[in-house]
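Data first, discussion second: the structure below is written as structure tokens.
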Protein chains: 2
Amino acid sequence: MHLPLYQVKAEFFRMLGHPVRIRVLELLQGGPLPVRDLLADIGIEPSSLSQQLAVLKRSGIVVSTRESGNVLYALAGADVSDLLRSARRILTVLLTDREAVLEQLRRADDPADDLPLPLPRNIPDPPADPEALLDPDAGSDADLHGAAHFPR
Amino acid sequence: MHLPLYQVKAEFFRMLGHPVRIRVLELLQGGPLPVRDLLADIGIEPSSLSQQLAVLKRSGIVVSTRESGNVLYALAGADVSDLLRSARRILTVLLTDREAVLEQLRRADDPADDLPLPLPRNIPDPPADPEALLDPDAGSDADLHGAAHFPR
DNA sequence: AGTGCAGTTGCAGAATTCTTCAATTCCCGA
DNA sequence: TCGGGAATTGAAGAATTCTGCAACTGCACT
């Protein structure tokens, strides 16, 4: 059985591509947690969380065990933290650039809000605390639903 | 403008969640390349590639420049390699587990192909060359279309 | 056995993302 | 300035993924 490589990788990333799933993984970095706690932290209805947990479980990145009445979820051990850290690093830079561009725009007049694109690579002057922007526990209860896209 | 954190992260991963986009990022790790070359390597029709390149560009993870008639694409500098490496590491483990389970199944009879799930964490005996399975350049021209999912 | 809470599963409709084809824009060389 | 190749854009239909409601399974406790 030879693996269709790019599909597998893409599918892996897609599996990570959902706010609730990301939130769960980050919460689990602190150790196993019962569904109840995840539910309390994330604040969505049980069935939705269950759906997303199922996705994570199917991929094998988390495992669940039954612990006297409740179900415990835990990272499947792989270094999920490394991955999230790498992603955070990249995002920090991407967003920093974006911020820079936005500010640049604000400074100049306001030529139609529909700009072409940021021209990355060369952080003019790092805003306050870049890394903090993407800290695992920042913005905890921000709405997990509304859309928030990269510029179109 | 306060960022809806998990959305941003999720969107970042979703942006990576497509075989063609992954392929492009990996090819670009070797340095900037003209669309023509990407096209030759990946073998899909130009407009499709362009669509995917546009997605990558919108996110800011790659940039393009015009170079006498052709367009050159390049990683936006962020350490994409680190990210892909982390992902590879995790995938290696996940798939290794999966393989182990499959083999275990093969060894026993064949009780319905629809098993529950692998029970990760504790690599029995690492098959030949795990890391190689996910090498950036393995399986180059495998079909980039057909579905290849994690077990359902 | 009976009750109730904790989680999960099944689905249908809504929302997104993909894939393709056709049309268009940009440049470079004749 | 015209011809063309190189890429991109626009749009429609197909395919996936999400969301939320309702019904269901498993356990623990009496």
I need the [atom1]-[atom2] distance between [X] and [N], as an integer number of Å.
X	N	atom1	atom2	answer
B:I44	D:dA7	CD1	P	13 Å
B:H18	C:dT16	NE2	C1'	13 Å
B:K57	D:dT9	NZ	P	6 Å
A:N70	D:dC29	CG	C1'	14 Å
A:I42	C:dG7	CD1	P	13 Å
A:L39	D:dG20	CG	P	13 Å
B:L49	C:dC18	CG	C1'	14 Å
B:Q7	C:dA15	CD	P	16 Å

Does [N] have its OP1 or OP2 closer than 4.0 Å to a side-chain nitrogen or oxygen of [X]?
X	N	value
A:R66	D:dT25	no
B:R14	C:dC18	no
A:Y73	C:dT8	yes
A:Q52	D:dT17	no

Quiz item: For A:L75, which of A:V24, A:L25, A:V63, A:I61 qualifies under side chain to side chain contact (heavy atoms under 4.5 Å, CB included)?
Solution: A:L25

Quiz prompt | Sole residue of A:V71, A:L56, A:L72, A:L53 in side chain to side chain contact (heavy atoms under 4.5 Å, CB included) with A:S64 | solution = A:V71

With the side chain of [X] defined as its heavy atoms from C-beta on, choose the nearest nucleotide among [options].
X	options	value
A:S50	C:dT8, C:dC18, D:dT19	C:dT8
B:V71	D:dT19, D:dT8, C:dT8	D:dT8
B:R21	D:dA7, D:dC21, C:dC18	C:dC18

Self-check item: Residue whose nearest DNA chain C nucleotide is more 5′ - B:V55 or B:S47
Solution: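 So the residue in question is B:V55.
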
Exercise. Taking the side chain as every heavy atom from C-beta outward, state whether B:K9 and A:R23 have any pair of such atoms under 4.5 Å apart.
Key: no

Quiz item: Which part of the nucleic acid, if any, lies within contact of B:Q51, taking any heavy atom under 4.0 Å across all strands shown: a base, the sugar-phosphate backbone alone, or nothing?
Solution: base

Quiz prompt | Stepwise side-chain contact (heavy atoms from CB on, under 4.5 Å) check, A:I90 with B:F12 | solution = CA-CA 10 Å; A:I90 294 181; B:F12 174 71; 3.9 Å; yes

Practice problem: Would you give the length of the straight line joining atom CD of A:Q29 to atom CG of A:D79, rounded to the nearest 0.5 angstrom? | Solution: 10.5 Å

